[in-house]
Amino acid sequence: MTCQKTGHNFTKIAFKPLHTNLFNIVLLSIFLSLGSGKLYSQDITKKKAAVSVKSQTDSAKPNLNRVKTPVLTVEKETDTIKMDSIKPKKAFLDGKVRYKADNYAKIDQNKKIITLYDQAELYYQDVELKAGIIVMDYEKNEVYAGRIKDSTGTYTQYPNFKQGANVIEPDSIRFNFKTKKALIWNSRSDQGEFKIKAAITKKENDSVYFLKGARFTTSKDVDNPEYYFQTNKVKFIPGKKVVTGLTNMVIANVPTPIALPFAFFPMSKETSISGLILPSYNDSNNRGFSLQNLGYYFALSDNYDLTVLGDYYTNGSYGLRFESSYAKRYSYRGNLNVRFENLISSERGYPDYLKQNIYNIQWSHSKDSKSNPNSSFSASVNLGSSKYFQQSINQVNIGSNLNNTLSSSVSYSKTFTSVPQVRMSLTATHSQNTQTEEINMTLPTLQLSVDRIYPFVGKDGVKKGFFKNINLQYNLNGRNSIVTSDSLFFKPQMFRDAKVGFQHSIPLSTNFKIFKYFSASSSMNYEEIWYTKTIERSYDVDQSKVVDKTINGFDAFRTYSFSSSVGTTIYGTFNFGDDKKIKSIRHVMRPSASYGYTPSFEKYYDTYAADASGSMIKQYSRFENGIFGAPGLNNSNTLGFLLSNTFEAKVTDKDSTKVEPKKIMLLNNLNLSTSYNLDADGVTTLAFSPIRVSGGTTLLDNKMNVNFGATLDPYAIDNSGNRINVFNIDNGGSLFRMTSSNMTLNYSISSQGKDDDKKDKNVQSQRNGGREDDLFGTNTDLGDSRRSQFEDEEETEDEDKISEFFNSKLPWDMTFAYSLTYGNNNRENKIIGNSIMISANADITPKWKAGVSTGYDFVQKGVTFTQLRFERDLLSWRMDFNWSPFGTNANWGFFIGIKSGVLSDIKWDKRSTINR
C-alpha cells in the first residue's frame, strides 16, 4: 500500500494482533531518534509490517557540513497472504537529491521544506543550483534560490542555475522540478558571443524562454555594458535563436535613433552558421557610387565553408570573390580564394575609357604528417593577372603592389621503403613577372632518386677509407617547361611551345682523410639528357636571316665530368689576459681548394652559314634550346679557392655572479672566393675570375643583422667596359678594381626585449606576395575590416591595466632596414642605391595604438611609401584610421564597428578609393 503523505510504497504483511502496539512504539522511537535531518516524514501505519530503518550518507560528493539523509528500506517476509491490490503511488522525485551548505541546512518536516544557507548547493538530475540561500519545497516540487547580504549589507552569492549546457546567473529564481517551469529575476546568461540580461524571465520548458525587459550585448560586463540592444518582449530558444519585438540600440546608456520593429538574432551552438553579409557604401570619382562586399556566408559543414562576396559600381564595374576554408582533423587543411573584377574607367565614348578584366587565384593546402609519414602533399598558389594588385578595387596592399613576382608551387612526394630507399616527387611550379608579364611554368617536374649504395662496404658496415666510402646514386629529373605571357595564358599556343626534357645522372663519389688533418673528396658524374624537340639552324634567303627550325622527335646527348676538393680547419686564439675586459679572440679558418674538369663535347655540334654568301661558318648545337641546355663546346678546366672565416670573442660578463666569461660573435662569416681557368687563352677567356668577398654579423645583443659584400676584379677594362687581359695594377690602377659592393642593416626591437614574431601578422600579405613585416604598411582587405591593424589575435584583457597605467611599460616595437649599393662596373663610381625604411608601433595609452611605416630614398631624394595608422580599443567595439598621405597609392580609411563576428554587420566603414 502507499503512504498518503509521502507517497512511499509499503508491502502489506500479516502479523499477530498481540504485537501491533509494541511494533508501533518501537518504530516511532526509531523515527524520533533521527532528528531534524530526516528528509521525509512518515505516518505510522496500523498495518502489520516488519520494517527496518538505516541511515546512509551520500558518498558521491565530499561532505561539507552535510546533513545525513535517512533512507527507508522495507524487507519482505514470506507469507501466504495475498498482496495488497492498491496501486502504489509514484514518488515525486525521480532521482537522488544532493545538497550542502556552509552555515546550516534545516529541514522542516511539517512544511516539507529544506532550507540551505550560505554557499548553498543543490544537485538533482541535470540541474545544478548554487546560491546564498536555497529553499526547497518538496511537497510543491519547487525550489527557490536567492542572494544573501554580507556584513556590509551588500548582496553576495548570486544564484547560478545550470541545466544541461545552459547557465543562468539571476538575482533570484523559482523552479518547479516536475513541470520544469521557472521564474527568474534579473537573469544573466551567456549564449555564444551574446550576453543576455532580463528583468523577468519565464522558463516555459527546456527549449523556450520568454523574457521581459531584456538587453543583449557582446560586452564583457553585462551589468554595465558600453552598448546593448533593449527590448521588452523576447522569445528565446537557447542555442538556436532570439526573436524580439521593438528593439532599440543603446550606446553608453543613451538610446539611439537606431531601432527595429522586430529583430532576429541567430544563436546556433555550431561554430558557424550561414547568413547574409551586409555591404558597405562608398563612392569613387572615376567609377561612381558603390556597394562593396555584399555577400553570403555558407556554413556547408564542419569541414568546409564558402563565402561569396560582390562589389558593384554605378558605372558598370563589378567584382566577385569566392573564399573557402576546409580542414579535416589529422589529415589536411587549406583555403581557396578566387577573385574576379571587371573594371571600367570613365564612360564609353570618352578617350580615357578603359575596360579590362583582372583575376587572382590563391590556394593554400597542407597535409598533416601524422596521416601518412611516407607521403606528403602541399600547395601554395598565387597566380592571375600581373596587374591585379596594382589595379584591384578591393585590395590595399602596398607590399604586394610593389612586388615584381608572383609564384606558386604544388607538390606531392612519396618515399618507397625499399632497399635501397627510393624517393619520388611531382611538382608543378609557376613564376610570374608582374612587370614584363612573362610567365614560367613547369607542369610538372618529376624527381626521383635512389638512395646511396656503398658497393665496397663489408659486413661490419664500417665506411672508412677511400674504397669503402665509394658510393653511387641515381637521380632522374623530368620537366615539362612552359614560357608564356598573360595574353597567352592557358591558350593553345601556350602548350604548343612547351619543352619536355629528362635528365639522368649517376654520381660516383668518395671521401677520405689526407695526412690526418685534411678532408678530401672526389667524384665523377655521368649525365644523359633526353629531349623531345631539337633545332636545325640555317640561313633563310627569303627572310635574309638565320632561322631555327623545330625538329620533333626523340634525341639525346651524354656527358661526364670530374671534380675533387680538399679542405681543413685551422683554429687560432689570441689571448689578452684574464684581467682584461676582452680576454681572448678566437679565429676559425676553413680554407678549401677544388678542381673541376669537363671535356669538350664537340661531336654534338654542327655548322651553319651565317650569311647568304656562305663564307661565314659558325657552330651550333641542336640541343641549345633545351631545358637542361647543351653540352659544352670547350673544355672546362678550373681551380677554385674558398676561404671561410669566423671571429668570436670571450669578454667579461656584466653579471658579476657569472664565473665563466661571455662569448660574443664578432663575425658570423667572412668569405673570399675566386677561381682560375687552366685553359684560358687570354683573349676570349681570362684566367682569374673576380674575387667575391661577403660577410655578416649581428650587433646590439643580436638584434641587428649586418650583411655586406663586394666584388674585386684584378683585370682592367677598355673604353667600352670590356675586361681585358691586363691586370688593373699594370694599367695604373689599384691591385683590385671594386666593381660593386653592398651593405644591408636590419634591426628589430620591442619593449619585451626580443624580436616580435611578425610572421603571423601579415599572413594574407605574404600570400599576396608581400612582406612578412610592415615596412610597407599593413595589408588592408576591404572584405573584412574587423581585424586589427596591429595584431591578428585578440588581446587578453587585463582588468588592472588602466589602474597600473603610470606604473607599467607600454608595449612597442620597431623595425629598421637600411640598404646601400655601390656600382663601378664601367667606372661610373657612384652610389646606385641608398634607402632607409622604418616601421614602428606603440600603445600610446592602454586603449590607443599608433603605428607608422615610412622611408627615404637618398638617391631619388624622396620619401618612400608612408602609412599612418591609429586604433582605439572600445572594449566590444573597435575604431581605426589609416592614412597614406602621398604617392600614387595615397588613400585613407576609417572604420568603427563591433568586434564580434555575430554583429559584424553593425559598422561604419568609409574609405577613399585609389585612382587606378
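One finds a salt bridge joining Arg558 and Glu528 here, because a Lys/Arg side-chain nitrogen approaches an Asp/Glu carboxylate oxygen to under 4.0 Å.
Counting only distance, with no hydrogens or angles, the side chain of Ser689 and the backbone of Thr674 share no donor-acceptor pair below 3.5 Å. At least one donor-acceptor pair under 3.5 Å links the side chain of Arg827 to the backbone N or O of Ile717. Judged purely by atom type and a 3.5 angstrom limit, Thr864 uses its side chain to pair as donor or acceptor with the backbone of Gly855. Between the side chain of Asn728 and the backbone N or O of Leu735 there is no donor-acceptor pair closer than 3.5 Å.
Every pair tested for ring pair (Phe, Tyr, Trp, His ring centres under 6.0 Å) that includes a residue from residues 409-435 fails, sequence neighbours excluded, so the list is empty. Residue pairs meeting the side-chain hydrogen bond (donor to acceptor under 3.5 Å, both in side chains) criterion with at least one partner in residues 479-492, sequence neighbours excluded, are Ser386-Asp486, Gln432-Asp486, Ser485-Ser487.
Side-chain polar atoms of Ser563 and Ser523 form a donor-acceptor pair below 3.5 angstrom. Between the side chains of Glu828 and Asn824, no donor-acceptor pair of N or O atoms lies under 3.5 Å. In this structure, a donor-acceptor pair under 3.5 Å is absent between the side chains of Ser720 and Asn722. A side-chain donor from one of Ser378 and Ser411 sits under 3.5 Å from a side-chain acceptor of the other. A donor-acceptor pair shorter than 3.5 Å cannot be found between the side chains of Arg692 and Ser673.
Within 6.0 Å of NZ on Lys464 lie no more than 12 heavy atoms contributed by other residues, nucleotides or ligands.
With sequence neighbours left out, the ring-ring contact (aromatic ring centres under 6.0 Å, His included) criterion links Tyr608 to Tyr620. A search for ring-ring contact (aromatic ring centres under 6.0 Å, His included) contacts involving Phe736 returns nothing, not counting sequence neighbours. By the salt bridge (Lys or Arg N to Asp or Glu O under 4.0 Å) test, Asp555 is found to be paired with Arg622, residues two or more places apart in sequence or in another chain being considered. Judged as a side-chain contact (heavy atoms from CB on, under 4.5 Å), and not counting sequence neighbours, the contacts of Ser544 are Tyr539. For the salt bridge (Lys or Arg N to Asp or Glu O under 4.0 Å) test, residues two or more places apart in sequence or in another chain that qualify with Arg723 are Asp713. Applying the salt bridge (Lys or Arg N to Asp or Glu O under 4.0 Å) test to Arg590 and every residue at least two apart in sequence or in another chain returns nothing. For the ring-ring contact (aromatic ring centres under 6.0 Å, His included) test, no residue two or more places apart in sequence or in another chain qualifies with Phe502. Here Phe467 pairs with nothing under the ring-ring contact (aromatic ring centres under 6.0 Å, His included) rule; sequence neighbours left out. Residues satisfying the salt bridge (Lys or Arg N to Asp or Glu O under 4.0 Å) criterion with Glu602, sequence neighbours excluded, are absent altogether.
In this structure, Tyr388 and Tyr359 have side chains that are not in contact, with every pair of non-hydrogen atoms separated by 4.5 Å or more. The shortest distance between side-chain heavy atoms of Asn525 and Tyr560 does not fall below 4.5 Å. The closest side-chain heavy-atom distance from Gln356 to Ser345 is not below 4.5 Å.
When all heavy atoms of Ala716 and Asn731 are compared, the pair lying nearest together is CB-ND2, 3.5 Å.
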List the atom pairs, with distances to 0.1 Å, where a side-chain N or O of residues 624-643 and a protein N or O form a donor-acceptor pair under 3.5 Å, not counting sequence neighbours.
{"from": "Glu624", "atom 1": "OE1", "to": "Arg537", "atom 2": "NH1", "distance (Å)": "3.3"}
{"from": "Glu624", "atom 1": "OE1", "to": "Arg537", "atom 2": "NH2", "distance (Å)": "2.8"}
{"from": "Glu624", "atom 1": "OE2", "to": "Ser621", "atom 2": "N", "distance (Å)": "3.1"}
{"from": "Asn635", "atom 1": "OD1", "to": "Ser600", "atom 2": "N", "distance (Å)": "2.7"}
{"from": "Asn637", "atom 1": "OD1", "to": "Tyr595", "atom 2": "OH", "distance (Å)": "2.6"}

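Taking the six-membered ring for Trp and thresholds of 30 and 60 degrees, Phe727 and Phe688 have ring planes inclined between 30 and 60 degrees apart.
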